[in-house]
Amino acid sequence: MKLLEYQAKALFEKYGVAVQKGVVIDAPGDEKIRAADLRFPVVIKAQVQTGGRGKAGGVKFAETPEEAARLCGEMLGMDIRGFTAKELLVVEKKEIAQEWYASIMLDRYTKSPLLIFSPVGGMDIEETARTSPGRIAKVPIDPIRGVKDYVITYAMDKTGADKQYRDQLGGIVEKLYRLFFDYYTMLVEINPLAIDTGGKLIALDGKVEIDDNALPFLSDVSAWRDKLQEDPQVIEARKVNFLFIPVEDDGDIGVMSNGSGMLMSCIDLITKKGMKIHAALDLGGGATAERIAEAVRIMLGRKAVSTVFICIFGGITRCDEVARGAVIAMQKPEAAGKNLILRMEGTNKEEAGRIVAESKLPITVAEGIPNSVEAIYRLKYGEGKGA
Ligand code: ADP
Ligand code: MG
């Protein structure tokens with residue numbers, strides 16, 4: 001789950017990382033802005049779960065409360081890279097001497113938290129990465145040792161950062177690191193980590209990405225969920241304990257399985273064959289007819305999906321249940337014109353085949369994943385091209 005800037009900053013504040021005071025606006029008018037008693041000029045920032053807002057017109061400056069209210073009116077509801085700005089954050093404008101970058105992410109390569117630091121941050125950090133990679137340091141943090149002095153020293157030396165800010169930077173990275181662990185995050189980022197004209201480091205922007213699996217332990221963060229723009233199928237699936245994963249917008253295949261490893265194998269093989277996955281759904285355990293039918297219904301909630309592939313590998317899972325679920329789902333109006341490929345292993349496999357055959361619905365039963373992938377390919381591109 002990606003937090004909005006003001007939510008990320010609330011966590012920064014909790015851990016003692018300096019942020020600015022500000023006010024969140026969700027309706028036009030200037031009362032809230034005036035009541036917040038901010039020093040002008042101010043910055044108005046669209047609260048959307050994506051970066052690059054500055055370049056997309058989502059960060060504007062206002063000299064007076066009137067101008068701020070007018071800009072808020074214009075910015076509420078604006079679209080920024082596919083996200084709607086339902087809320088705005090109004091904060092005081094800082095005089096900035098330098099914009100740095102600092103983040104900690106979970107790095108799958110080193111299998112450890114990774115500090116990424118640059119004294120050339122701000123909106124053009126991607127440009128810095130391309131043109132002056134030497135000014136960006138990536139330093140793994142040993143989870144046993146934590147943020148030791150040498151981590152900071154190395155990051156600053158390597159990038160030519162001004163060492164007079166060493167202690168401040170060290171303090172901030174330590175706090176970020178605690179937040180990174182306590183909140184089960186995949187990423188915490190401050191960009192810009194600004195140095196103001198008084199030489200103080202302050203987080204002017206914030207990104208926090210939390211592992212969804214940890215949300216049950218994080219009541220404060222779960223409460224923010226309503227404010228976030230989430231995919232309707234992801235929400236629907238979560239309510240009934242399925243995991244729905246949008247994959248590629250221009251894909252047309254929906255894959256379902258009982259377990260993420262199997263899902264990924266299916267996705268790999270289908271993709272290898274040059275086809276595109278639109279979404280994946282992890283059924284978890286216990287494949288009853290009702291759950292299968294419900295999962296197919298959720299998947300078909302995506303107009304882009306023309307073919308659904310269900311791959312169930314279960315020891316004691318009853319294949320007849322799976323088949324019955326598939327038949328229920330494919331009789332529904334939303335399934336008209338769609339195809340379903342069914343691969344199942346488990347008890348009562350033969351009976352399952354009979355149920356499908358008798359239904360006379362566009363359901364293909366296939367043996368094993370490679371054959372299933374061939375079947376999907378033939379359905380899409382016709383006979384003869386499948387081999
Ligand atoms: P994004 O990363 O989504 O583009 P930021 O919050 O980083 O949005 O803002 C973009 C740029 O706007 C920053 O790099 C900074 O130069 C400027 N900016 C943002 N907040 C402030 C602020 N409070 N005071 C002064 N400048 C700001
Ligand atoms: Mg930013």
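Atoms within each ligand, like the ligands themselves, are counted from 1 in listed order.
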Report yes if R53 has an N/O atom closer than 3.5 Å to an N/O atom of ligand 1; otherwise report no. yes
For residues 146-153, which side-chain donor-acceptor pairs fall under 3.5 Å, sequence neighbours excluded?
unit_1	atom_1	unit_2	atom_2	d
T153	OG1	D149	O	3.0
T153	OG1	R166	NE	3.4
T153	OG1	R166	NH2	3.1

Close to the Mg ion (ligand 2), meaning under 2.8 Å, how many protein N, O or S atoms are there? 2
Considering non-hydrogen atoms of the protein only, which is the closest contact for atom 27 (C) of ligand 1, and what is the distance? L204 CD1, 4.0 Å
Specify the protein heavy atom at minimum distance from atom 9 (O) of ligand 1: its residue, its atom name, and the distance to 0.1 Å. V59 CG2, 3.8 Å
Would you say CD of E13 has more than 12 non-hydrogen atoms from neighbouring residues, nucleotides or ligands within 6.0 angstrom? no
For ligand 1, which atoms have a heavy atom of V91 less than 4.0 angstrom away? 23 (N)
How close does the nearest protein non-hydrogen atom get to atom 4 (O) of ligand 1, and which residue and atom is it? G54 N, 2.8 Å
Which ligand 1 atoms, with their elements, are less than 4.0 angstrom from a heavy-atom of I96? 25 (C), 26 (N)
Carboxylate-amine/guanidinium contact R354 E350, below 4.0 Å: no
N/O separation below 3.5 Å, T50 to ligand 1: no
Tell me, which protein residue and heavy-atom name are nearest atom 22 (C) of ligand 1, and how many Å apart are they? V43 CG2, 3.5 Å
CZ (R238) and CG (L215) are apart, to the nearest 0.5 Å, by 7.0 Å
Only heavy atoms count here, so choose which of E92, K94, K60 is nearest to atom 25 (C) of ligand 1. K94
heavy-atom search around atom 17 (C) of ligand 1 in the protein gives F61 CZ, 4.3 Å
Tell me, which protein residue and heavy-atom name are nearest atom 19 (C) of ligand 1, and how many Å apart are they? K45 NZ, 3.6 Å
Does K200 pair with D196 as a salt bridge, N-O distance under 4.0 Å? no
Answer with yes or no whether the side chains of Y165 and Q98 bring together a donor and an acceptor at under 3.5 Å. no
Under 4.0 Å between heavy atoms, the region of Q20 that gets near ligand 1 turns out to be side chain
Under-4.0 Å heavy-atom contact with ligand 1, by part of N191 that carries it: backbone
For residues 231-256, which residue pairs pass the ring pair (Phe, Tyr, Trp, His ring centres under 6.0 Å) check, not counting sequence neighbours? none
Would you mind checking which non-hydrogen protein atom is closest to atom 16 (O) of ligand 1, with the distance to 0.1 Å? E99 OE2, 2.5 Å
Name the one of I341, I363, V296 that satisfies side chain to side chain contact (heavy atoms under 4.5 Å, CB included) with I310? V296
Starting at CD of E209, measure out to CD of E189 and round the result to the nearest 0.5 Å. 10.0 Å
May I ask you to test the Y15-D182 pair for a side-chain heavy-atom distance under 4.5 Å? yes
The closest protein heavy-atom partner of atom 2 (O) of ligand 1 is D205 OD2, 3.0 Å
Sequence-distant partners of K14, salt bridge (Lys or Arg N to Asp or Glu O under 4.0 Å), two or more places apart: D220
Going by heavy atoms in the side chains, are M1 and D212 under 4.5 Å from each other? yes
